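Here is the structure we will look at.
Counting convention: from 1, in listed order, for ligands and their atoms alike. Nothing here was measured: the structure is a model prediction, and the numbers come from that model.
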Amino acid sequence: MASDKQVTFVIVGGGIAGVTCAEQIASQCPSDEVYLLTASPLVKTVTNFKQVSKTLEEFDVEEQPSSVLEEKYPNLKVVQSAVKLLQAKEHYLQAENGQTFHYKKLCICSGARPKILTQENPHVLGIRDTDSAQEFQKRLSKAKRIVVIGNGGIALELVYEVEGCEVIWAIKDKAIGNTFFDAGAAQFLIPSLEADKKDRSLPCKRSRYTTDKTAAGHSGASGELGSALGPDWHEGIELRGAVQNSSGIHIEYECEVEKIYTQQEFLESKLSTKKSELGVWPAYVQLTNGKIYGCDFVVSATGVVPNTDPFLSGNNFELAEDHGLKVDDHMRTSEQDVYAAGDVCTAGWEPSALWQQMRLWTQARQMGWYAARCMAADVLEEPIELDFCFELFSHITKFFNYKVVLLGKFNAQGLGQDHELLVRCTKGQEYVKVVLTGGRMVGAVLIGDTDLEETFENLILNQMDLSRYGEELLNPNIDIEDYFD
Ligand code: FAD
């Protein structure tokens, strides 16, 4: 019979949120025992953390064996086993390996999994972790045509990186990359999609993601429970299909998937289409615009669903509309002494006018770190204020080899008609957009090496009235930094 451990802090999840939370709490409370329970054999650690500006941060992510954490923090133990049961009222947790825990404070950082269009069709694939990325690569190597569904970051990267295979990209919006960009930015990026691969290699710095190939073949005990991939997930994985010199991309705008057929279902269907004209394919996708495409397989990149399953039964968690565990401004769920951070949670506090939650690497780190500080403060009965990082949304990434910086309400989210946009664009070089409301800057999209991020971040944070500058604000002949000194 496994022993029942009494522990002060238990963290669930070996992704960025869980590991950051565990490290922070272990260093802040060195005399308390901390347990990190994770379904994946490797943990994700943040390295080379760099605060680029007040809110922008960059870091590398490395997958490491859990012993690395245990060596660094003598009070931290990592258990590689998925949690299968939580009884929140009893502060009791059970892992699949039979170990049980009585905790004082628990933080759930179990991430999210891809929303898959259909579970039944073997020709539909989601990309989430190292295993699924490798499965994708394997299938792609034999594919002549794939259909990509979705318009977020993963779809964007994917269609850009795939070579030697025709890509049909179906998006429900009027422009590509709607999660991150407006139509103008999409227009700026489209030529990169059409450019030859050899002409694409602009140098660009960004967070690197490394995987330990020796362990990459294993997923957690419960199957699909590996950590989410992150920036540069496709680096080191050749995304090449079976066709020489063909990487044509065809975009179907403003449509969704009506139905996905296996070959047999398609042949037996009563569809009026001339089936033979569509060729013979393992799968067929019918879009809401009426078109049907045959393909080798479909990639479903339509967002994620928080991994809450093992925690809900018998407990009383308040869930948000997106099914995340709703947390307050101390990262507390509705169950006492249970906190949550990263992709699994949904911010339930009244956010700052310039911040929104997005399930991104940076926010997973920030939330994990802040949740640990909240847990420690609660144990010590000390007050704690919402961290500054939740004041302004900021994200640095790379799309189509361009550096991309997003600040505040970069897409005028929630502003309705009450905003003004200023745009400056130099084809193939940079795209700069600022969002103003009442003459004050509330958001910006910076694509390319614009060097404007710090100045704009300041202008957004200090909410200076910029009305009198008008379009001069983006005049390329004015050194804006000097202007506002
Ligand atoms: P995860 O990293 O998913 O970790 C969850 C952990 O919980 C895992 O270790 C898992 O094993 C464990 N777990 C799950 N269930 C249990 C259980 N029952 N018991 C114990 N352990 C459990 N973000 C960016 O900022 N930039 C990008 O460019 C970017 N690209 C992405 C590309 C891809 C293909 C994907 C899938 C995601 C991308 N993201 C990107 C998003 C980013 O990876 C996630 O937001 C981030 O990793 C979330 O971290 P997390 O710690 O909350 O969850």
| Pair Thr8-Val34, side-chain contact (heavy atoms from CB on, under 4.5 Å): steps then yes or no | CA-CA 7 Å; Thr8 313; Val34 179; over 6 Å; no
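- Separation of the Phe188 and Tyr402 ring centroids falls under the 6.0 Å cut-off.
- The shortest N or O to N or O distance between Gly14 and ligand 1 is below 3.5 Å.
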| ring pair (Phe, Tyr, Trp, His ring centres under 6.0 Å) between Tyr35 and Tyr103, intermediate numbers included | CA-CA 9 Å; Tyr35 271 77; Tyr103 59 84; over 10 Å; no
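- For ligand 1, the atoms closer than 4.0 angstrom to any heavy atom of Ala82 are 19 (N), 20 (C).
- Checking only distances, Ala364 never comes within under 3.5 Å of ligand 1, N or O to N or O.
- Below 30°, between 30° and 60°, or above 60°: for Phe136 and Phe297 the angle between ring planes is above 60°, a perpendicular geometry.
- For Arg332 and Asp378, the salt-bridge test passes: some basic side-chain N is under 4.0 Å from an acidic carboxylate O.
- Although no hydrogens or angles enter the test, the distance criterion places a donor-acceptor pair under 3.5 Å between the side chain of Thr20 and the main chain of Ile16.
- Checking Asp343, Leu156, Leu360, Leu93 against atom 48 (C) of ligand 1, the nearest heavy atom belongs to Asp343.
- Atoms of ligand 1 lying under 4.0 Å from any heavy atom of Gly111, numbered from 1 in the order shown and given with element: 3 (O), 5 (C), 52 (O), 53 (O).
- Geometrically, ligand 1 and Ser81 share no nitrogen or oxygen pair separated by less than 3.5 Å.
- Residue-level proximity to ligand 1 for Cys109 is carried by the backbone, the only part with a heavy atom below 4.0 angstrom.
- Of the heavy atoms in Ala17, both backbone and side-chain atoms come closer than 4.0 Å to ligand 1.
- Ligand 1 places these atoms under 4.0 Å from at least one heavy atom of Ile127: 34 (C), 36 (C).
- For ligand 1, the atoms sitting less than 4.0 Å from at least one non-hydrogen atom of Ser40 are 8 (C), 9 (O), 11 (O), numbered in the order shown with element in parentheses.
- Contacts with ligand 1 closer than 4.0 Å are made by heavy atoms of both the backbone and the side chain of Thr38.
- Judged as a salt bridge (Lys or Arg N to Asp or Glu O under 4.0 Å), and not counting sequence neighbours, Lys77 has no contacts.
- In this comparison of Val344, Val83, Thr362, the heavy atom closest to atom 17 (C) of ligand 1 sits on Val83.
- Ligand 1 has His395 within reach: a non-hydrogen atom of the residue lies less than 4.0 Å from it.
- Checked against a 3.5 angstrom limit, the closest N/O atoms of Ala39 and ligand 1 fall inside it.
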| task | Determine, step by step, whether Phe311 and Phe317 satisfy the ring pair (Phe, Tyr, Trp, His ring centres under 6.0 Å) criterion, reporting the C-alpha distance in whole Å, the side-chain angles of both residues, the deciding distance to 0.1 Å, and the verdict. | result | CA-CA 9 Å; Phe311 311 102; Phe317 283 106; 7.5 Å; no
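- Ring geometry, Phe399 versus Phe181: the interplanar angle exceeds 60°, so the pair is classed perpendicular (tilted spans 30 to 60°).
- Using a 4.0 Å cut-off to heavy atoms of Gly342, the atoms of ligand 1 that qualify are 52 (O).
- Ligand-side atoms of ligand 1 in range of Val12: 19 (N), 20 (C), 21 (N), range being under 4.0 angstrom from any heavy atom.
- By heavy-atom distance, the residue among Ala155, Cys345, Ser110 lying nearest atom 14 (C) of ligand 1 is Ser110.
- Interface of Ile16 with ligand 1, defined as ligand atoms under 4.0 Å from a residue heavy atom, comprises 51 (O).
- Checked against the 6.0 Å centroid criterion, the rings of Trp355 and Phe393 do not qualify as a close aromatic pair.
- The closest approach between Gly153 and ligand 1 stays at or above 4.0 Å for every heavy atom of the residue.
- At under 3.5 Å, not a single nitrogen or oxygen of Phe311, backbone or side chain, sits near a nitrogen or oxygen of ligand 1.
- Using a 3.5 Å distance cut-off with no hydrogens or angles, the side chains of Gln336 and Lys89 do not pair a donor with an acceptor.
- Backbone and side-chain nitrogen or oxygen atoms of Lys44 are examined, and none is located within less than 3.5 angstrom of a nitrogen or oxygen of ligand 1.
- Between Tyr92 and Phe101, the distance from one ring center to the other does not fall under 6.0 angstrom.
- In this structure a side-chain-to-backbone donor-acceptor pair under 3.5 Å is present from Thr45 to Glu62.
- Here Glu453 pairs with Lys403 under the salt bridge (Lys or Arg N to Asp or Glu O under 4.0 Å) rule; sequence neighbours left out.
- Of the options Glu63, Glu96, Lys84, Arg359, the smallest heavy-atom separation from atom 41 (C) of ligand 1 is shown by Arg359.
- Those atoms of ligand 1 that come under 4.0 Å of a heavy atom in Pro310, given as number and element, are 18 (N).
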